[in-house]
Amino acid sequence: MLNKQKLNIILLFSLSLLTACNITSDYGTDEWHQYRMSETKNAVYDNGEDPLESTVFETSSEIRATPVIAKDKLFIGNHGTGDLFAFDIHTGKEIWQNQAPNWVHSEMIFHDDKVFVGTGNRMFQENGIRGTGESGVLALNADDGEIIWKFNTDGEVMPTPVYYNNAIYAATGDRHLYKLDADTGEFLDKVDIGSTISMSSPNLSDDTLFVGGSGPLPYTFTAYDLLTDELKWQTPFEDVVSGLDDVPPAVFDNKVVTTALEEAESEGDPKLYDHMIYAMDTETGEVLWEERLGTGAGVANNKSGAPMIYEGKIYVGSPVTKTFYAYELKTGQKIWEFENQPIKAPPVAKDGIVYFSNVKGEVYALNAKTGDVIAKKELGGILAPAGPVIVNETLFIGSQDSNVYAVPLEEFMSE
């Protein structure tokens, strides 16, 4: 028979072992270093926490950014006003609010209990630089929202910055890529990439940044080597007339994928465009294949759809053709298409289902292999051009009605 003292010791040891093996995780990731978290742009994270109940996170103005979910908090910024928010992920209550000096068009990134966000607008200065007013990058304390540092740039920082090796990289409307110290905001370097970057958030993959740019012509796609801090290659697209600088590219299996618009033959109004999709070799910039998604009238903003890669397939929507597509990454062969509404945002996919949002406030769940509709859910407003993300079986998406919606995936199946 064990005496009471030995029994207590065993019980305490067992309890500590169970505690060590079952530490309650934070809801959300510990690191979010680039636009939509991953190089494929399929923003999915699961650490075993239960799905949230349906929740609406209310901000003060229009949202066009991706919600970032990290360490029990949701971070989001407002497009026109520059308001910045953190919410308790479990209660939906605001934790803090602060203010950026200009638009916040894309998401914050998260590292070491700090969030970093770019700020700027789409207007042009008289000298041709894009972005009027104060533009740059802010670093804030993720717990209380206090500004740690601010660095001003000559042009807008509408794309999402990138964290890499204790540095923040920001592509700008003044045709440069800036490198800043992540802890202090100290200027470390900048390189002239020769292209204006609108909303093409750089993609971080294998120590390389990939980004699409516009003027001066021709539209050009750039790869930047982070190990050497030098341009790796640049590929010009002579026939592109818009969109390349709007699209955050997706990367997988040594291929980088983007989209853009080329002029189509047309008479009268409206002017028509071919919506194109391109796959390039990540090492050389060689265009491996290109395909025409379709032809249609252009739109005012977010002119080209942003791709996402899932299980060797590309999923992308078109604001021009009002259609959602699936393509083979390796060959460029079209698998299926689903005609709907103007679609600007990248989708998200999990467990064989791809979820995409449209400008009518709807989120569709489609069979990723066939394109068949599984479910549809109506939310509110114009859903943000940044698109949905999935964290712990919960879909999050920002809307231009000023809300972030959190919807457990099981609700799609019950619609």
Give a yes-or-no answer on whether the side chains of [X] and [Y] include a donor-acceptor pair shorter than 3.5 Å.
X    : Y    : answer
H275 : S304 : yes
T222 : Q234 : yes
D372 : T370 : yes
Y405 : S357 : no
S200 : D245 : no
N203 : S205 : no
R175 : S195 : no
T132 : N121 : yes
N392 : N47  : yes
D229 : Y169 : yes

Could you list the residues that satisfy side-chain contact (heavy atoms from CB on, under 4.5 Å) with [X], not counting sequence neighbours?
X    : result
P248 : Y35, S201, A306
E31  : H33, H111
A70  : T29, F75, F110

Of all heavy-atom pairs between [X] and [Y], which one has the smallest distance, and what is that distance?
X    : Y    : result
N358 : I343 : CB-CG1, 4.3 Å
I63  : G77  : CG1-O, 4.1 Å
E283 : W233 : O-CD1, 3.2 Å

Keeping to residues at least two apart or across chains, list the salt bridge (charged side-chain N to carboxylate O under 4.0 Å, His left out) pairs with something in residues 183-207.
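As it turns out, the salt bridge (charged side-chain N to carboxylate O under 4.0 Å, His left out) pairs with a partner in residues 183-207, which skip direct neighbours, are K114-D183.
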Y364 meets the ring-ring contact (aromatic ring centres under 6.0 Å, His included) criterion, sequence neighbours left out, with F338, F356
Who pairs with W32 by ring-ring contact (aromatic ring centres under 6.0 Å, His included), at least two apart in sequence or on another chain?
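Once residues adjacent in sequence are excluded, W32 has no partner under the ring-ring contact (aromatic ring centres under 6.0 Å, His included) criterion.
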Does [atom1] in [X] sit with more than 12 non-hydrogen atoms of other residues, nucleotides or ligands closer than 6.0 Å?
X    : atom1 : result
Q333 : CD    : no
K71  : NZ    : yes
E94  : CD    : yes

Any W103 side-chain heavy atom under 4.5 Å of M123 side chain
yes
If you define the side chain from C-beta out and look only at heavy atoms, does anything of H105 sit under 4.5 Å from E156?
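A side-chain contact under 4.5 Å is absent here.
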Between K377 and E411, is the closest basic N to carboxylate O distance under 4.0 Å?
yes
Does the ring-ring contact (aromatic ring centres under 6.0 Å, His included) test come out yes or no for Y278 and F237, once each step is laid out?
CA-CA 10 Å; Y278 313 95; F237 285 83; 4.7 Å; yes
Is it true that F85 and F57 have ring centroids separated by less than 6.0 Å?
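No: the rings miss the under 6.0 Å criterion.
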Parallel, tilted or perpendicular: which fits the ring planes of Y327 and W289, with parallel below 30° and perpendicular above 60°?
parallel
Any donor-acceptor pair under 3.5 Å from T172 side chain to G155 backbone
no
Any donor-acceptor pair under 3.5 Å linking the side chain of E107 with the backbone of R36?
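Yes: the side chain of E107 pairs with the backbone of R36.
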Could you go step by step and tell me if D26 and K73 meet the salt bridge (Lys or Arg N to Asp or Glu O under 4.0 Å) rule?
CA-CA 9 Å; D26 289 320; K73 298 180 183 67; over 6 Å; no
